[in-house]
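Chain identifiers are assigned alphabetically (A, B, ...) following the order of the sequence lines, protein sequences preceding nucleic acid strands; residue numbering begins at 1 within each chain.
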Protein chains: 2
Amino acid sequence: MNDCSYIDKPLSLDTLFELSEFFKFFGDTTRIRIIEILMSGEISVNEIAEKLQLGQSAVSHQLRILRTAGLVKPRRAGRTIFYSLDDEHIGLIFNTGLAHILHKKGA
Amino acid sequence: MNDCSYIDKPLSLDTLFELSEFFKFFGDTTRIRIIEILMSGEISVNEIAEKLQLGQSAVSHQLRILRTAGLVKPRRAGRTIFYSLDDEHIGLIFNTGLAHILHKKGA
DNA sequence: TCAATATATGAACAATCATTCATATTTTCA
DNA sequence: TGAAAATATGAATGATTGTTCATATATTGA
């Protein structure tokens, strides 16, 4: 039932560091907004910039961070590059966090 | 089955900002290590500082952040204050992130 | 009440980081 | 080939943040 019970396993300092680094990627408004957009499917850099009303450079910088971290992946089509979520865990973490704050709001 | 499907609901800028702020709490090594310790049960400030080999002040500062955010709660017993996780979602998010990076490592 | 213990907090400093600006790279189409 | 379009990147800057040091608050026991 619960396949997420790592509680009792001893976690190395290294693993805990990686874990905090991983959550950092979700800890920025621009990146969270990009991730939310990507949850609806793949989309180009310019379209993201338009939707977020942000500069192309800012979006590209954040996409590089997300790409390097393995959260999103690019697909080239001509001169356009489409981005999409790389891993199914990304959406799950997004939604679990969302469930938490919506739950807190409702309470 | 999946009670985390908020994908299609329109999310306000405000909610997305809160969500990124929420993930920020997991995006620091010291806080993640504190959360991991707290997953085994309540524990005092000094004990946390000892386990982490950190100054009492640093731990107290991070605990205040976690407490203000509603991730941990204090219980006073004499002059000792014991902290524990406030919400069941916290452990779930911790473990989902952990599952992700362990999965990536195994691949 | 006074000293000792446990925790909290304010200020300061160093480090990290997101954005902007300018420019580089890559691809298409005329 | 050469201009235009889409994306990437390096440097600079302003803002945020974690830690440390010093000190404050709170509680216990003598």
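As judged by a 4.0 angstrom heavy-atom cut-off over every strand, B/Ser60 is placed among the base-contacting residues. Counting any heavy atom pair closer than 4.0 Å across all strands shown, A/Ile48 reaches no nucleic acid atom. Among the protein residues, B/Phe82 comes within range of no part of the nucleic acid, since none of its heavy atoms lies under 4.0 Å from any strand.
Whole-Å rounding puts the B/Ile43 CD1 to C/dA6 C1' distance at 14 Å. In this entry the distance linking CG of A/Leu63 with P of C/dT19 reads 11 Å, nearest Å. Rounded to whole angstrom, the span from the CD1 atom of B/Ile81 across to the C1' atom of C/dT5 amounts to 12 Å. Between the P atom of C/dA8 and the CG atom of B/Leu66 lies a distance of 12 Å, rounded to the nearest Å. Atom NZ of B/Lys73 and atom C1' of C/dT7 are 19 Å apart (whole Å). Between the CD atom of A/Glu47 and the P atom of D/dA5 there is a distance of 17 Å, rounded to whole Å. The distance from atom CD1 of B/Ile34 to atom C1' of C/dA8 is 14 Å, rounded to the nearest whole Å. If you take CD1 of A/Ile65 and P of D/dA8, they are 13 Å apart, rounded to a whole angstrom.
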Check residues 51-65 of chain A and write down every donor-acceptor pair under 3.5 Å in which the side-chain atom is one partner and the other belongs to a residue at least two apart or another chain.
{"residue": "A/Gln62", "atom": "OE1", "partner": "A/Arg31", "partner atom": "NH1", "Å": "2.7"}

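A donor-acceptor contact closer than 3.5 angstrom links the side chains of B/Thr29 and A/Ser20.
Checked against side-chain contact (heavy atoms from CB on, under 4.5 Å), B/Glu21 has the following partners two or more places apart in sequence or in another chain: B/Phe17, B/Lys24. Residues passing the side chain to side chain donor-acceptor pair (under 3.5 Å) test with B/His100, sequence neighbours excluded: A/His89. With sequence neighbours left out, A/Thr30 forms a side chain to side chain donor-acceptor pair (under 3.5 Å) with no residue at all. B/Ser12 meets the side chain to side chain donor-acceptor pair (under 3.5 Å) test with B/Thr15; sequence neighbours excluded.
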Expected rows: protein N/O vs nucleotides 19-24 of chain D N/O, under 3.5 Å:
{"residue": "D/dT19", "atom": "OP1", "partner": "B/Thr30", "partner atom": "OG1", "Å": "2.6"}
{"residue": "D/dT19", "atom": "OP2", "partner": "B/Gln62", "partner atom": "NE2", "Å": "3.0"}
{"residue": "D/dT20", "atom": "O4", "partner": "B/His61", "partner atom": "NE2", "Å": "3.3"}
{"residue": "D/dC21", "atom": "N4", "partner": "B/Ser57", "partner atom": "OG", "Å": "2.6"}

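The phosphate of D/dA6 (OP1 or OP2) has no side-chain N or O of A/Tyr83 nearer than 4.0 angstrom. The phosphate of D/dG18 (OP1 or OP2) has a side-chain N or O of B/Arg31 nearer than 4.0 angstrom. B/Lys24 has no side-chain polar atom (N or O) that falls below the 4.0 Å cut-off from OP1 or OP2 of D/dT16. In this structure, B/Asn46 does not reach the C/dT5 phosphate: none of its side-chain N or O atoms is under 4.0 Å from OP1 or OP2.
Look at A/Asp86 and B/Lys104 and you find a salt bridge, because one of the NZ, NE, NH1 or NH2 atoms lies within 4.0 Å of a carboxylate O, short of that distance. In this structure, A/Arg33 does not pair ionically with A/Asp28, as no charged nitrogen and carboxylate oxygen lie closer than 4.0 Å.
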Nucleic acid footprint by protein, nucleotides 25-30 of chain D - heavy-atom cut-off 4.0 Å, B for base, S for sugar-phosphate alone = -SBB--
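For the salt bridge (charged side-chain N to carboxylate O under 4.0 Å, His left out) condition, the pairs that include at least one residue of residues 74-84 of chain A, sequence neighbours left out, are A/Glu42-A/Arg75. The list of ring-ring contact (aromatic ring centres under 6.0 Å, His included) pairs with a residue in residues 26-51 of chain A, not counting sequence neighbours, reads A/Phe22-A/Phe26, A/Phe26-B/Phe23.
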